[in-house]
Amino acid sequence: MDILIVEDARDQRMMLAVVLKKQGHQVFQAADGHEALDVLAQHPTIRIVISDWMMPNMDGIALCESIRQSNIGRYVYFILLTGKSDRQAMVDGINSGADDFVNKPVDFAELNARLNAGIRIIELKAALENKIQTIEKDLESAAETQARLLSEPARIQQVDFNWYFKPSRILGGDMFGYHALDEQTLSFYQLDVAGHGVPSALFSFTLNNLLREGSSASLLKEALSGPPFYRIKEPDEVLVSLNDQFQARPEAMLYFTIAYGIINSRTGSVTLSQAGHPPPLWLDARSRTIKKVGGGGVPLGMMPDMTYSNVTFDLQPGDRLFLYSDGVTECENSEGEMFGEARLESLLADTFDHCVADMIKKVEQSIIGWTGADVFIDDVTYLVLEWQP
């Protein structure tokens with residue numbers, strides 16, 4: 001192990017160096033704290049510092065604090081050599097960041113035992129860091145998979161779809177999608193799994209797969225014996241099926257909110273059902289007003305045998321539907337104030353003359369400006385569809 005000895009008394013420093021070298025360690029030396037910082041910067045392999053407490057220029061306490069406050073890219077195990085034996089001295093040393101103490105005059109057998117303890121801690125920390133790096137790489141791979149699951153912005157049967165997705169962590173519990181169910185009917189949805197991180201993300205993967213047309217046709221369509229040999233299920237039926245299938249276990253409580261709808265791409269007629277999700281916002285292009293549609297419903301997976309209701313409305317050419325997760329309105333500024341529904345509606349009211357892509361960008365910039373950062377405490381997702389026959 002590479003060790004730095006910091007001691008202003010040259011004879012004691014040399015004696016410590018001889019003993020440690022005989023034990024197989026690589027030893028570096030410094031006469032005070034300032035010199036020690038220079039040596040640490042020049043030799044990144046040093047992982048243990050043995051420092052005298054009382055030294056001129058920069059003492060051991062100041063050196064320890066400086067190392068802890070610096071960004072040297074590694075953990076340095078710090079042992080203080082001291083002639084002080086009172087309790088307050090030990091408290092002060094620990095508060096400054098010291099890992100261990102050895103009293104003067106030094107008992108070399110005791111020092112060796114404390115060094116071995118320090119080496120075990122360093123090796124354990126290194127092993128933990130390697131595991132964390134492996135986990136982070138796996139999470140990054142999973143995040144890439146999640147990104148590939150997101151539908152590309154597209155125009156499908158006279159309906160334009162676009163979106164914004166920003167997980168609060170590497171992986172998010174939000175998900176959305178839109179697919180053609182037949183030559184004139186499209187499904188669209190946005191869901192938000194409770195919680196954050198890996199469990200929520202894996203659950204959202206499963207739900208997204210089920211809601212993709214073709215992966216679970218029986219969820220979205222009912223087979224018929226005669227032409228056209230299928231019936232597209234109403235949104236409330238789909239939610240009931242999902243609720244029955246995904247009752248949360250008490251120890252997991254992975255419930256989710258969702259807004260699921262279908263749109264007739266020829267007529268602009270929309271039927272929508274919700275389960276605990278924020279009400280989508282209808283941007284009426286003719287009146288240039290914002291209308292909430294639907295609302296309510298118990299999140300899926302919380303209670304068995306729930307029923308849900310549909311709301312139906314007709315889009316006119318140029319009308320938009322804005323679906324969003326609660327991470328949008330619950331973004332907080334530096335004073336803890338939420339972005340809120342009223343602010344979101346006011347923002348969207350200023351975007352009637354914007355294209356969908358510019359509207360999405362404007363909302364993003366407003367949220368980032370509100371929070372003062374582009375990292376959010378919750379997943380931030382919104383999905384926009386525009387009917388343009």
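- A salt bridge is absent between Asp350 and Arg288: the closest approach of a Lys/Arg side-chain nitrogen to an acidic carboxylate oxygen does not fall below 4.0 angstrom.
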Tabulate below the donor-acceptor pairs under 3.5 Å that side-chain atoms of residues 291-305 make, not counting sequence neighbours, or state none.
unit_1 : atom_1 : unit_2 : atom_2 : d
Lys291 : NZ     : Asp284 : OD2    : 3.0
Lys292 : NZ     : Glu341 : OE1    : 2.6

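- Atom CZ of Arg286 sits about 12.0 Å away from atom CZ of Phe352, to the nearest 0.5 Å.
- In this structure, Gln190 contributes its side chain and Ser325 its backbone to a donor-acceptor pair below 3.5 Å.
- Within the 3.5 Å criterion, the main-chain N or O of Pro44 finds a donor-acceptor partner in the side chain of Arg74.
- Taking 4.5 Å as the limit, every side-chain heavy atom of Glu386 sits out of range of all side-chain heavy atoms of Val159.
- For the pair Arg343 and Trp370, the cation-pi test (distance below 6.0 Å, angle within 45°) is passed.
- Judged by distance alone, with hydrogens and angles left aside, the side-chain atoms of Tyr382 form a donor-acceptor pair with the main-chain N or O of Glu364 at under 3.5 Å.
- The closest side-chain heavy-atom distance from Leu283 to Ile290 is below 4.5 Å.
- Between the Ser66 side chain and the Leu63 main chain, no donor and acceptor come within less than 3.5 Å of each other.
- Distance alone, capped at 3.5 Å, is enough to place a donor-acceptor pair between the Asn333 side chain and the Glu337 backbone.
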task: Go through the steps to decide whether Arg114 and Asp107 satisfy the test salt bridge (Lys or Arg N to Asp or Glu O under 4.0 Å), and finish with yes or no.
output: CA-CA 11 Å; Arg114 295 185 182 276; Asp107 182 315; over 6 Å; no

- request: Please step through side chain to side chain contact (heavy atoms under 4.5 Å, CB included) for the pair Phe256 and Asp174, ending with a clear verdict.
  value: CA-CA 9 Å; Phe256 61 101; Asp174 286 5; over 6 Å; no

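- Note: Phe322 and Tyr324 have tilted aromatic rings, judged against thresholds of 30 and 60 degrees for the angle between ring planes.
- Here the side chain of Arg155 pairs a donor or acceptor atom with the backbone of Gln388 at under 3.5 angstrom.
- Salt-bridge check for Arg231 with Glu222: passed, with a basic side-chain N closer than 4.0 Å to an acidic carboxylate O.
- The backbone N or O of Ala113 lies less than 3.5 Å from no partner atom in the side chain of Asn116, so there is not a single donor-acceptor pair.
- Scanning for side-chain hydrogen bond (donor to acceptor under 3.5 Å, both in side chains) contacts around Ser265 gives Gln157, with sequence neighbours left out.
- Counting only distance, with no hydrogens or angles, the side chain of Glu237 and the backbone of Lys233 share no donor-acceptor pair below 3.5 Å.
- Between the side chain of Arg47 and the backbone N or O of Tyr75, at least one donor-acceptor pair lies under 3.5 Å.
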